[in-house]
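The structure displayed is predicted, hence computed values, not measured ones. Lettering of chains follows the sequences in order, A, B, ..., and the numbering in each one begins at 1.
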Amino acid sequence: MSRGPALNPEQREAVDFREGPLLVLAGAGSGKTRVLTARIARLIEEGVPPFRIMAVTFTNRAAGEMGRRIEELLGAPPTGMWSGTFHSLGARLLRREADHLDRDPHFTIYDEDDALRAVKMAMEESGVDPDRWSPRALRSRISRAKGQLLGPEAVGQEAFDLLARRVAEVYPAYEAILRRCNAFDFDDLLGRPVRLLEEEEDVRGLYADRFLHVLVDEYQDTNHAQYRMVRALASEHSNLCVVGDDDQSIYGWRGADLRNILDFERDFPGAHVVRLERNYRSTEPILRVANAVIARNTARKPKELRTERGAGEPVTAVRTGDERAEAEFAAGEIRRLEDRYTPGDVAVLYRTNAQSRPFEEALRRAAIPYRIVGGVRFYERREIRDVVAYLQLVVNPADEAAFLRAVGWPRRGVGSVTVERLLSARREGETLLDAAARASSLDEVPTAGARALQGFAEVILELNVLQREVTARQVAATCVETFGIREALSGEEDGEDRLANVEELLGAVAEFDPTGLDERPDEAGELELFLERVALLSDIDRWDPEQGSVSLMTLHNAKGLEFPVVFVAGLERGLFPLARAEASADEYEEERRLFYVGVTRARDLLYLTHADRRWRAGSGGQAEPSPFLDEVPEDAVERRRVGGSRRGGSRAAGVRGSPGWRTRDDASAASFTWRAGGGSEPAAIGGPSGGGRPGELRYDFDDTQETLRLDPGERVVHPAFGEGTIQDRSGSGRRTKLTIEFDESGTRKVMAAFADLRPA
DNA sequence: CATACACTGGTTTTT
DNA sequence: CCAGTGTATG
């Protein structure tokens, strides 16, 4: 094993340590992935069979990469090693041990959408009013409880507040629904394995005995269930190696418990600790920023990253006029850097997915290729979810979420009333699908609907049988054909795109190769494994770094990645850190860690950008710089004011009477004490029509529009559709709609408040 | 009984 | 901004 640069002494120590628990505190960019892969490769070299190793990573992508690197080191892939996320490994264990469970091995994995649907059903069944109690709040509480391994009984005993009492009512009903649907939610993929491992001695024996070595990456982001899973798996051999960095814990909101890493030495007595603080990734100014910022957190183990790369260009902090100018700046900068970096070297990181839009537009205008990670995920698109529902139903006829989705689309004359009747007519213990199959004999169900239901159910049940003999591709193609999905789509808006997505899905099914996903040579259906993969696939798993495109993603998705050039955008109070985090010290520190994660993604160049004004959720507003920007050491950063009167000149010129964000690119750039410029006066209150609820201050249109009367006949420029003439106007205030005849793209209706029109 | 449109409300991050 | 729900219409 001699490939790659030599390991430094600490890394070597982490690789070579044997016998007992090992905690590797690995700072950002300190080579922890190298350590993990080298350690596994070494174990295999020493004679540990790969199937006796479990490696848990934060994403399936990371697992795949790890496997490839190990193969490079050893010349052979670590066949048989269990590697993947906690969730996928949990699912694997559950399928193997299905006979210990109240599910059959063809269970469906419910995503958040399905789970929420189940919660709504549970609320109905337990008589909790969805108008009074938010299903999402209940879902979130249930998920939280499951993450702590608290069952319905335990929650019932601690139901102190009103919401908790509703949780105690809904939770058991929710569990019953999952059981009768033969489904597990994400939390079950952790909690149920734990239960098996802790309560069934033969299961524990099997796995704890088998895994001589258990390795866990990103340990700082594990929750209680994951901790218990690890503990159970390592209970026999105690060769548990966890790698993590308390400064990069960013999933507290999802139940991650920092105590797991902070208390490791107490939980696993005799643990050896190795600290990796040499950073091989970033230049010195970037690390200075990172160190200074994270040092403000109180809940952490003190440490400091030291660069092994030396000096570099200062970090650039940029203030722009609005989010559009922010994006224009980034696009311009990427262009300017073209001789040194390719678009594939660049990442734009933001706090919320909604921030991607201006960057997409600016990059498109600048003809720079980009890829978005996340946002509306492929498998969450409506048409994809619908087709997948058919497949789920074919594999698992008990799946009610899938049934309800599939039966409603394409339209077949079965509406909410028919479904409602079916729901109430079905017999105890009978699946919805079976009830549908005999719908004609049910008096309650309307005749037309009954016939449709029956036809639908019969085909599904037929496919359920057929499925065992044909390929997944054939099943999927048959569904699309038989249920008229193409026809339905061709009549829809965006039908072309949606159809293309469905074709892509069919392609993915066809290409799907389940090899190595499971060891069961038996009836582990190909389709079933495909669906499992779909359910557990994360955004970042689908990201292809070799694309030569700028990567746009949330800071959360960027964890574990690195880029030569990084933009951290939207550094404004209320956005990053998010407003709600300001009230709680814990959440505030988590936001700061998230910022730290963003900063430490950068190898060479780092830009920190923010805007003076930002359009948020339909209403605009002044934005203040993020307090995090004040924590950046002056001698590592160069502060710039961009946009001002330069680009978007027409915009700035169109501004009328709004001292708040008059361009002032002079002295203020240096000091960074810009508050809201001229003061607190909002751009325009009330608006031309005085629209808005009474007693409520309301910002109106974008400034430029104040110079437009928006009367029919007026010539305007739309950012996407180009020049056009206003034909008609309806509504008032923020709800003003315009009919515009565009010179090139025909007549369209647009919302004036969102169209960002400019005078022609 | 299904469908089309208006309205309301909520909105962070994700396996 | 969007989705999910409620109401008017066919």
Side-chain angles (χ1 to χ4, degrees), chain A residues 56-62 84-91 109-113 115-117 120 130-131 134-137 140 143 146-147 184-190 218 221-223 225-226 249-256 349-357 373-377 379-380 382 408 411-421 445-449 452 493 532-541 553-559 570 574-581 587 590-591 593-595 597-598 615-620 693 731 734-735 737 751 753-755:
Chain A
V56 189
T57 53
F58 198 69
T59 61
N60 292 302
R61 138 182 299 275
T85 62
F86 274 106
H87 294 270
S88 55
L89 294 173
I109 296 167
Y110 272 6
D111 65 10
E112 207 39 54
D113 220 56
L116 193 61
R117 217 176 176 121
K120 287 177 185 162
D131 290 330
S134 140
R136 307 190 65 189
S140 145
S143 179
K146 293 178 85 164
F184 285 121
D185 65 16
F186 284 136
D187 303 304
D188 288 327
L189 301 182
L190 310 174
E218 308 280 11
D221 283 319
T222 50
N223 69 10
Q226 290 166 328
S249 158
I250 55 176
Y251 283 99
W253 52 274
R254 192 170 94 177
L349 310 180
Y350 34 74
R351 181 64 242 261
T352 67
N353 284 120
Q355 286 167 257
S356 70
R357 205 59 57 84
V373 180
V376 225
R377 304 173 179 67
Y379 286 103
E380 278 172 18
R382 202 221 69 212
R411 308 248 109 111
R412 50 171 62 83
V414 176
S416 53
V417 177
T418 306
V419 168
E420 210 53 56
R421 300 267 175 89
V445 181
T447 336
E493 207 178 314
E532 176 175 312
R533 162 104 124 231
V534 166
L536 299 178
L537 207 60
S538 69
D539 294 323
I540 204 73
D541 291 334
M553 68 182 89
T554 61
L555 287 139
H556 283 90
N557 267 145
K559 188 170 80 150
L575 178 62
F576 191 18
L578 281 171
R580 56 166 300 173
E587 286 180 47
E590 181 153 310
E591 295 284 311
R593 289 193 292 269
L594 191 57
F595 180 50
V597 166
W615 231 232
R616 281 244 266 165
S619 70
R693 289 164 221 167
R734 287 174 35 75
R735 309 247 175 247
K737 281 186 189 157
M751 292 280 285
F754 295 114

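- Residue A:S538 has a polar side-chain atom (N or O) positioned under 4.0 Å from OP1 or OP2 of B:dT15.
- Heavy atoms of A:N353 sit under 4.0 angstrom from primed sugar atoms or phosphate atoms, though from no base atom.
- When heavy atoms are screened at a 4.0 angstrom cut-off, A:R357 is found touching the sugar-phosphate backbone but no base atom.
- For the C1' atoms, the distance from C:dG4 to B:dT13 is 22 Å, rounded to whole Å.
- Tested against A:D221, the residues A:R254, A:R593, A:K559 include a single salt bridge (charged side-chain N to carboxylate O under 4.0 Å, His left out) partner, A:K559.
- Distance A:E590 CD to B:dT14 P: 13 Å, rounded to the nearest Å.
- The aromatic rings of A:W253 and A:H556 lie perpendicular to each other, with more than 60° between the two planes, well past the 30° mark.
- Between A:R136 and B:dT11, a side-chain N or O to OP1/OP2 separation shorter than 4.0 Å is present.
- Put simply, CZ on A:F58 is 15 Å from P on B:dT13, counting in whole angstrom units.
- Of the inter-residue distances, the one linking A:Q226 atom CD with A:H87 atom NE2 reads 5.5 Å to the nearest 0.5 angstrom.
- One atom, CG of A:D541, and another, P of B:dT15, lie 7 Å apart when rounded to the nearest Å.
- Rounding to whole angstrom units, CH2 of residue A:W615 and P of C:dC1 are separated by 12 Å.
- When the side-chain contact (heavy atoms from CB on, under 4.5 Å) test is applied to A:T57, the partners found at least two apart in sequence or on another chain are A:A62, A:A63, A:M66.
- Looking at residues two or more places apart in sequence or on another chain, you find a side-chain hydrogen bond (donor to acceptor under 3.5 Å, both in side chains) between A:T352 and A:Q355.
- Within the nucleic acid shown, A:Y251 comes within 4.0 Å of sugar-phosphate atoms alone, with no base atom in reach, counting heavy atoms only.
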Give every pair of a protein N or O atom and an N or O atom of nucleotides 2-4 of chain B that lie under 3.5 Å apart, one pair per line with the distance.
residue : atom : partner : partner atom : Å
B:dA2   : OP1  : A:G413  : O            : 3.2
B:dA2   : OP1  : A:G415  : N            : 2.5
B:dA2   : OP1  : A:T418  : OG1          : 3.4
B:dT3   : OP2  : A:R411  : NE           : 3.2

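- When the side-chain nitrogen and oxygen atoms of A:T59 are compared with OP1 and OP2 of B:dT15, none of them lie within a distance under 4.0 Å.
- For A:E591 and A:T85, each mapped to the nucleotide of DNA chain B holding its nearest heavy atom, the one lying further toward the 5' end belongs to A:E591.
- Between the P atom of B:dT15 and the CG atom of A:L89 lies a distance of 15 Å, rounded to the nearest Å.
- One interatomic measurement links the two molecules: NZ of A:K120 to C1' of C:dG4, which rounds to 7 Å at whole-angstrom precision.
- If you take CZ of A:F186 and P of B:dT15, they are 8 Å apart, rounded to a whole angstrom.
- With sequence neighbours excluded, the residues forming a salt bridge (charged side-chain N to carboxylate O under 4.0 Å, His left out) with A:D113 are A:R385, A:R405, listed by chain and number.
- Taking only distance into account, the side chain of A:R254 never meets the base of B:dT13 through a donor-acceptor pair shorter than 3.5 Å.
- B:dT12 and C:dT5: their C1' atoms are spaced 24 Å apart (whole Å).
- At whole-Å resolution of the value, CD in A:E112 and P in B:dT11 are 13 Å apart.
- The side-chain hydrogen bond (donor to acceptor under 3.5 Å, both in side chains) search around A:T418 returns none, not counting sequence neighbours.
- Scored by the ring pair (Phe, Tyr, Trp, His ring centres under 6.0 Å) test, A:F86 finds no partners at all (sequence neighbours excluded).
- Note on A:N557: a side-chain N or O is less than 4.0 Å away from OP1 or OP2 of B:dT14.
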